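On a predicted model such as this, the values are computed, not experimentally measured, just so you know.
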Amino acid sequence: MEHFYFLTRFDYTLMIVTSGAALLGTVSGALGTYAVLRRQSLLGDVISHAALPGIAIAFLLTGSKTPLLLVLGAAIAGWLGALIILSIVRLTRIKYDSAFGLVLSTFFGFGMVLLSLIQRSGNANQAGLDDFIFGQAATILKRDVLTIGILGGIALIIMLIFWKELKLLIFDEGFAASIGLPIRALDILLTSLLVIAIVIGLQAVGAVLMSAMLVAPAVAARQWTDRLNLMVLLAACFGALAGVSGTIISSPIRIPTGPTIILCATAMVGISIAFAPNRGLLWNSIKQRRNRRSLKIATGRLIGATAVKNRMKENDTRRS
Amino acid sequence: MIPEDLDILTLLIAIVTASACALPGVFLVLRRMTLMSDAISHAILPGIVLAFFLTHSVSSPLLILAATATGVLTVIFVELLQKTKLVKEDAAIGLTFPALFSIGVILISQYTSNIHLDMDAVLLGKLEFASFNKLEMFGYSWGPVSLYVMGGMFLLNLAFILIFYKELKLVTFDASLAATLGFAPALIHYGLMTLVSMTTVGAFDAVGSILVVALIAGPAATAYLMTDSLARMLILSVIIGCVNAVVGYLLAVPFDVPIAGPIATVTFLVFGLAFMVVPNRGLIAIARRHIHQKWEFAQTMLVIHLLNHEGLPEAQAESEIAHLHEHLRWEPTFATRVVKHALNNRYVSQQATQLMLTERGRTIAQQTLVQ
């Protein structure tokens with residue numbers, strides 16, 4: 001009986017972690033599509049690092065580790081970081097990459113200062129704040145899954161409501177502005193959705209790896225389709241698949257779950273890049289070979305035809 | 001105890017590390033490749049771990065070599081991915097370094113039980129350590145090593161930049177011209193990337209993988225706001241890096257927190273300060289220019305208005321101060337202030353309740369109209 005008890009307990013934990021990872025993968029896959037298509041893949045990296053001081057301040061102010069409060073703090077700090085980047089790029093000649101690097105590292109550094117102050121204060125409740133840096137998927141609880149589900153669901157619903165506007169924003173910003181869409185407001189909306197997708201995943205995968213959860217499923221999905229709706233759907237599926245497979249693979253052999261999820265997602269990208277029809281490397285090399293062969297045949301025919309024509313011309317001149 | 005000696009050593013390491021990072025940072029910022037340093041600083045993890053398994057020491061030169069090689073490998077991976085044309089540059093970076101980093105984390109987790117390679121230490125340098133640990137590391141067995149490593153890196157970076165200054169400049173600002181002139185931009189590029197990797201690896205030990213980016217990007221971005229000359233930008237960014245390090249260190253001591261955190265915070269504040277007050281490009285300068293332009297424009301409107309009606313029958317009504325705002329469609333208070341400015345600048349003179357153009361005002365109005 002004891003064995004059974006252990007088994008069911010284990011399965012229950014695994015189920016919770018798996019469903020959390022799957023939900024997370026779905027949300028970040030779908031929303032990551034927009035970041036990748038706008039060439040702001042690394043925004044996820046920046047926001048996830050910039051969120052750290054927000055988490056620390058939320059804890060310092062309230063003294064509690066309620067996921068929702070910490071997520072709120074993270075969201076505010078991440079959002080602030082993203083806004084600072086937008087204004088640096090708009091007002092100076094500094095480009096996105098430098099603004100990203102600056103905000104990412106300095107916000108994170110400030111967060112580290114706050115964290116070490118918290119640790120030194122000896123607050124017994126502080127253990128676990130580190131999870132937001134390294135990620136600790138194995139400690140996902142039912143309430144965390146609920147937080148991920150509810151907030152992620154809200155973000156996805158908002159994405160669906162503004163589907164048309166966001167689509168126009170990422171593909172033809174100039175046209176969107178010309179028909180009177182509020183570009184800056186939409187930009188901020190999209191950034192806010194990304195912030196939500198990132199901060200709900202921080203505790204599970206950690207700041208460092210959260211950016212990959214945003215990028216990898218979307219890049220994999222991009223290889224299979226040229227349509228936005230299919231791409232979002234596929235990216236969500238890939239993200240969920242990476243979450244589930246990473247959790248299931250990592251659990252019995254006792255390796256960290258977050259990194260395993262990332263490696264699963266990366267493997268999907270590898271497979272997609274290699275084998276996807278129309279775009280993939282294999283497909284391209286086959287197409288190239290076929291083109292070369294048909295070109296050869298065509299030139300062969302052309303040479304043959306020219307030879308026949310020349311012969312006929314020769315005959316003509318000889319006869320006359 | 002001997003805290004004073006230790007403090008000076010730590011401060012010296014901070015200064016040398018900041019200077020060494022600031023130099024290649026300039027070229028990364030100018031070439032829009034800052035995030036490559038972020039990618040490298042994360043991706044070197046598996047290299048460090050593997051080298052550690054081989055040597056069982058954190059300070060062996062092999063470790064630095066292996067990590068540097070992993071860093072260069074990251075750059076090559078990113079470029080190969082880009083070359084397939086299936087993935088854009090930002091996504092290629094965002095794919096490569098988390099994957100390598102994950103491999104590193106998994107490797108560490110498999111062997112944590114029998115080696116002394118702490119996850120916190122690798123990710124965050126000495127930052128996560130309590131101050132006692134840090135002092136022991138820096139002061140006795142570690143401080144001098146770090147100092148030598150980073151001092152060497154600073155000299156190496158300096159030598160590379162001095163020797164290849166012309167080439168670096170050309171490759172940075174006009175890569176295709178550099179290629180046509182036969183300067184081998186790829187060679188310079190990989191040389192620079194190797195140096196960035198080595199610097200990152202060296203600084204990694206002192207300040208951790210994420211704050212390295214602050215040391216590399218911060219001073220260079222701040223200097224970029226201040227000058228248009230490459231040489232001046234290089235010198236400025238080293239100075240700014242040193243100032244950040246010293247101020248950060250001085251802040252760290254009273255609050256008793258690991259010094260890299262305050263250094264990063266100060267880096268952001270110094271950038272913010274420059275962003276505000278830098279002449280010509282700063283926010284304050286931009287705002288002042290806007291205000292100045294607004295008043296200049298209004299005064300020009302005023303003198304043109306006066307010129308248009310000068311000598312005509314309606315001149316008397318049109319130049320009445322009390323009615324100006326109606327003719328020019330301004331707010332009355334605004335009109336009063338414009339008149340005051342114009343009087344101060346001697347564009348106009350006041351006679352009873354009317355405004356008359358001065359010579360100066362007439363010239364300005366005529367010039368503007370001609371343009």
* For the ring pair F107(A) and F268(B), is the centre-to-centre distance below 6.0 Å? -> yes
* chain B interface, residue from M210(A), R39(A), R93(A), K95(A) that has the most non-hydrogen pairs under 4.5 Å -> R93(A)
* **Which of V36(A), N284(A), T266(A), D45(A) touches chain B most, by non-hydrogen pairs under 4.5 Å** => D45(A)
* Checking heavy atoms, do the side chain of L114(A), its backbone, both or neither come under 4.5 Å from chain B? -> neither
* Structure fact -> Turns out that what part of S250(A) lies under 4.5 Å from chain B's heavy atoms comes down to neither
Quick one, [X] and [Y] - any side-chain contact, counting heavy atoms below 4.5 Å?
| X | Y | value |
| --- | --- | --- |
| T260(A) | S102(B) | no |
| I273(A) | L81(B) | yes |
| V103(A) | F271(B) | no |
| R281(B) | T92(A) | no |

Chain A heavy atoms under 4.5 Å from [X]: which part of the residue, side chain, backbone, both or neither?
| X | result |
| --- | --- |
| L215(B) | neither |
| Y224(B) | both |
| L283(B) | side chain |
| M33(B) | backbone |
| I286(B) | side chain |

Which atom of [X] lies closest to which atom of [Y], heavy atoms considered:
| X | Y | result |
| --- | --- | --- |
| A217(B) | G101(A) | CB-C, 4.4 Å |
| A264(B) | T106(A) | O-CG2, 3.2 Å |
| V105(B) | P259(A) | CG1-CG, 3.6 Å |
| S98(A) | T34(B) | OG-OG1, 3.1 Å |

* **Positive for side-chain contact (heavy atoms from CB on, under 4.5 Å) with D97(A), one of I93(B), L35(B), D90(B)** => L35(B)
* Can you tell me how far the CG atom of L102(A) sits from the CD1 atom of I216(B), to the nearest 0.5 Å? -> 12.5 Å
* Report, as yes or no, whether the 6.0 Å neighbourhood of atom CZ on F110(A) holds more than 12 heavy atoms from other residues, nucleotides or ligands. => no
* Answer yes or no: are there more than 12 heavy-atom neighbours, outside F77(B) itself, under 6.0 Å from its atom CZ? => no
